[in-house]
Engineer: 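First, the structure itself, so that you have it in front of you.
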There are 2 protein chains.
Amino acid sequence: MPSISKENYIKAVYSLCQNDAHSVSTSALATKLNITNAATSDMAKGLSKQGFIKYEKYKGVSLTPKGEKTAIEIIRKHRLWELFLMKSLELGWEEVHSEAEHLEHQTTEFLMNKIDDFLGNPKFDPHGEPIPQKDGTIPNMEAQISLNKSQVGKEYLVKRVNDESKEVMDYFTEIGLNLNSKIKIKNFLKYDNSTIIELNDNVHSFSEKIGKRIFISQLNE
Amino acid sequence: MPSISKENYIKAVYSLCQNDAHSVSTSALATKLNITNAATSDMAKGLSKQGFIKYEKYKGVSLTPKGEKTAIEIIRKHRLWELFLMKSLELGWEEVHSEAEHLEHQTTEFLMNKIDDFLGNPKFDPHGEPIPQKDGTIPNMEAQISLNKSQVGKEYLVKRVNDESKEVMDYFTEIGLNLNSKIKIKNFLKYDNSTIIELNDNVHSFSEKIGKRIFISQLNE
DNA sequence: TTGTAAAGTTAAGCATACTTAAACTTGAAT
DNA sequence: ATTCAAGTTTAAGTATGCTTAACTTTACAA
């Protein structure tokens, strides 16, 4: 029942609480949502009163169980739409994020479950992200590290990528980097912390910022 | 670019200008949109200033060419979604209207054209309504009359139904009334203007209000 | 032709979701 | 302990999309 703005706020709290701590600052939310600090503080009051978030002034924001349930439902819709658009319409993995971003707010439970069943109740979306299940549980991902944390000389498989930037996803597509692509780490440049890898017999480099958004697992020979 | 409220307003103007005149009263719009008269007058000013409608105080509302183009684009999205949900997810013809009602406002041209192509650029939706094409043209329907205007004793094929009421669509499904169902007109009751028909060897009656929403064409032997 | 009921509009008010600008906390360096 | 800059919140204002209540216009019946 929350509005689109509120759903996006809840989603942002969820995603920013994943990596870091158990709470987010309002300014981090403002950056993520592209609104002013003032607006995020304001919004926090409303969502707190409605029981979606825990908010202590000057201390940041975190989700209540109710808020987390809501976030997971939205993420479920987002990821199922992504997979569905790829499977049924053959969109590219770089095209589906922005469409899902809109559709996720206008999809009934009924339709979502139809799509889920059509897809055979999948566990992962086209970018390797786990799809929250009908019962709210989130499938486990196999152990992964970000590209930045890899070891020079070793080989890995690409297991997950962050799809928020269409630009970056287009680049991945262009160089043939896909889920389960095999890569070999050639070097780390001290100069800018970029990573040099070998992929399909070609050499590429990724900036630190991009490297943080590629997740890999070690290839066991 | 109009908001969801504005899109729905434009759609309502379009649909209410179809049957009757070339213009609608604000109160007719209020009834259709389930908002107050005051709100429709207010909205009219805004949409008029933005060039979507022609609005003269106390004289009703009509679409400008720009408004009509917008209306047709929304209807295209609605009807393509309906067909797509039926074809790809096997939803029933009674289930797709309310889903499309939401999705139509959150769908890019890009995605819509993908869906259009996937479906083979169809000309009619699951309820017999013509689907506006990519170029804005609307396919011609073959000559149809509403059930009310039929002749006792003659046989007809069901060619189009109004799908706005889920309740009514559920009833059609229950009695096995589909597109291209063959029906025979048994009688008109003077008492309440209802129509008695024969369908699949069963006899049914439809109120005047429902009869107005079933469109048929004469069966040529 | 005029009075009046119905139809339609304006005015004022509310909630949401923002903005900018001013005021306030916090905490870390002095 | 004090200061002050960064971070955060409050206050005031805006646009949208509605509401209710009061007012205006229209049309048509007498």
Side-chain angles (χ1 to χ4, degrees), chain A residues 1-14 16-17 19-63 67 70-71 74 101-102 104-106, chain B residues 1-14 16-17 19-63 67 70-71 74 101-102 104-106:
Chain A
M1 349 256 105
S3 65
I4 294 177
S5 293
K6 282 181 176 150
E7 286 197 351
N8 282 328
Y9 194 99
I10 291 167
K11 213 172 53 146
V13 176
Y14 184 87
L16 293 173
C17 283
N19 336 317
D20 312 8
H22 26 68
S23 100
V24 220
S25 68
T26 50
S27 56
L29 284 165
T31 303
K32 179 97 174 176
L33 294 166
N34 230 311
I35 56 179
T36 59
N37 276 358
T40 50
S41 281
D42 212 47
M43 201 79 185
K45 282 190 218 158
L47 283 170
S48 171
K49 197 156 48 175
Q50 289 176 75
F52 290 102
I53 65 171
K54 193 165 152 283
Y55 172 50
E56 261 186 286
K57 285 200 279 189
Y58 299 101
K59 297 273 176 68
V61 164
S62 61
L63 291 177
T70 303
I74 301 164
E101 203 71 6
H102 296 110
E104 64 186 7
H105 303 294
Q106 300 291 344
Chain B
M1 352 252 103
S3 65
I4 293 177
S5 294
K6 283 183 174 145
E7 287 197 351
N8 282 329
Y9 194 99
I10 291 167
K11 212 171 54 144
V13 177
Y14 184 87
L16 292 173
C17 283
N19 335 317
D20 311 10
H22 26 69
S23 100
V24 220
S25 68
T26 49
S27 56
L29 285 165
T31 305
K32 178 98 174 178
L33 294 167
N34 230 313
I35 56 179
T36 58
N37 275 356
T40 49
S41 281
D42 212 47
M43 201 79 186
K45 282 190 219 156
L47 283 170
S48 171
K49 197 157 48 177
Q50 290 175 73
F52 290 101
I53 65 172
K54 192 165 152 286
Y55 171 50
E56 261 186 284
K57 285 201 276 189
Y58 301 101
K59 298 271 177 69
V61 164
S62 61
L63 291 177
T70 303
I74 302 164
E101 202 71 6
H102 296 109
E104 65 185 7
H105 304 294
Q106 299 292 345

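Numbers restart at 1 for each chain; the letters A, B, ... are given by sequence-line order, proteins then strands. What you are looking at is a predicted structure, and each value in this text was computed from that prediction instead of being measured.
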Engineer: A/Ser25: which residues meet the side chain to side chain donor-acceptor pair (under 3.5 Å) condition with it, sequence neighbours left out?
Structural biologist: A/Ser27
Engineer: Would you say D/dC18 has OP1 or OP2 under 4.0 Å from some side-chain N or O of B/Thr36?
Structural biologist: no
Engineer: Are side-chain heavy atoms of B/Thr70 and B/Pro2 found at a separation under 4.5 Å?
Structural biologist: yes
Engineer: Determine whether A/Ile4 and A/Gln106 make a side-chain contact, defined as any pair of heavy atoms from C-beta on separated by less than 4.5 Å.
Structural biologist: yes
Engineer: Measure across A/Gly67 and A/Ile10 and return the closest heavy-atom pair with its distance rounded to 0.1 Å.
Structural biologist: O-CG2, 3.5 Å
Engineer: Could you tell me how far apart B/Asn34 (CG) and D/dG17 (C1') are, to the nearest whole angstrom?
Structural biologist: 14 Å
Engineer: Minimum heavy-atom separation for B/Ala30 to B/Asn37, with atom names?
Structural biologist: CB-OD1, 3.3 Å
Engineer: Which one, D/dT20, C/dA17, D/dC18, comes nearest to the side chain of B/Met43?
Structural biologist: D/dC18
Engineer: Which heavy atom of B/Leu16 sits nearest to which heavy atom of B/Ala28, and what is that distance?
Structural biologist: CD1-O, 3.8 Å
Engineer: The criterion is side chain to side chain donor-acceptor pair (under 3.5 Å); which residues satisfy it with B/Ser41, sequence neighbours excluded?
Structural biologist: none
Engineer: Under the rule for side chain to side chain contact (heavy atoms under 4.5 Å, CB included), what residues qualify as partners of B/Ile35, not counting sequence neighbours?
Structural biologist: B/Leu33, B/Ala39, B/Thr40
Engineer: Using nucleotides 3-5 of chain D, report all nitrogen or oxygen pairs with the protein that are shorter than 3.5 Å.
Structural biologist:
none

Engineer: Run the side-chain donor-acceptor check on residues 51-61 of chain A: report pairs under 3.5 Å with partners two or more places apart or on a different chain.
Structural biologist:
none

Engineer: Tell me, which pairs form a salt bridge (Lys or Arg N to Asp or Glu O under 4.0 Å) where one or both residues lie in residues 25-49 of chain A, sequence neighbours left out?
Structural biologist: A/Lys32-A/Glu164
Engineer: Can you run down the side chain to side chain donor-acceptor pair (under 3.5 Å) pairs that involve residues 4-13 of chain B, sequence neighbours left out, and say none if there aren't any?
Structural biologist: B/Glu7-B/His105, B/Asn8-B/His105, B/Lys11-B/Glu101, B/Lys11-B/Glu104
Engineer: Taking the axis from the first five pairs and the axis from the last five, what angle separates them in the helix from C/dT1-D/dA30 to C/dT30-D/dA1, rounded to 10 degrees?
Structural biologist: 30°
Engineer: Who passes side chain to side chain donor-acceptor pair (under 3.5 Å) against A/Thr36, sequence neighbours left out?
Structural biologist: none
Engineer: Take the protein atom CG of B/Leu33 and the nucleotide atom C1' of C/dG8, then report the distance between them rounded to whole Å.
Structural biologist: 16 Å
Engineer: Considering only nitrogen or oxygen atoms on both sides, find all protein atoms under 3.5 Å from nucleotides 6-15 of chain D and state each distance.
Structural biologist:
{"unit_1": "D/dT8", "atom_1": "OP2", "unit_2": "A/Ser27", "atom_2": "OG", "d": "2.2"}
{"unit_1": "D/dT9", "atom_1": "OP1", "unit_2": "A/Tyr55", "atom_2": "OH", "d": "2.6"}
{"unit_1": "D/dT9", "atom_1": "OP1", "unit_2": "A/Tyr58", "atom_2": "N", "d": "2.9"}
{"unit_1": "D/dT9", "atom_1": "OP2", "unit_2": "A/Thr26", "atom_2": "OG1", "d": "2.8"}
{"unit_1": "D/dT9", "atom_1": "OP2", "unit_2": "A/Ser41", "atom_2": "OG", "d": "2.5"}
{"unit_1": "D/dT9", "atom_1": "O5'", "unit_2": "A/Ser41", "atom_2": "OG", "d": "3.4"}
{"unit_1": "D/dT9", "atom_1": "O5'", "unit_2": "A/Tyr55", "atom_2": "OH", "d": "3.4"}
{"unit_1": "D/dT10", "atom_1": "OP1", "unit_2": "A/Lys57", "atom_2": "NZ", "d": "2.8"}
{"unit_1": "D/dT10", "atom_1": "OP2", "unit_2": "A/Lys45", "atom_2": "NZ", "d": "3.3"}

Engineer: Near DNA chain C, under 4.0 Å by heavy atom, which residues of residues 3-12 of chain B?
Structural biologist: none
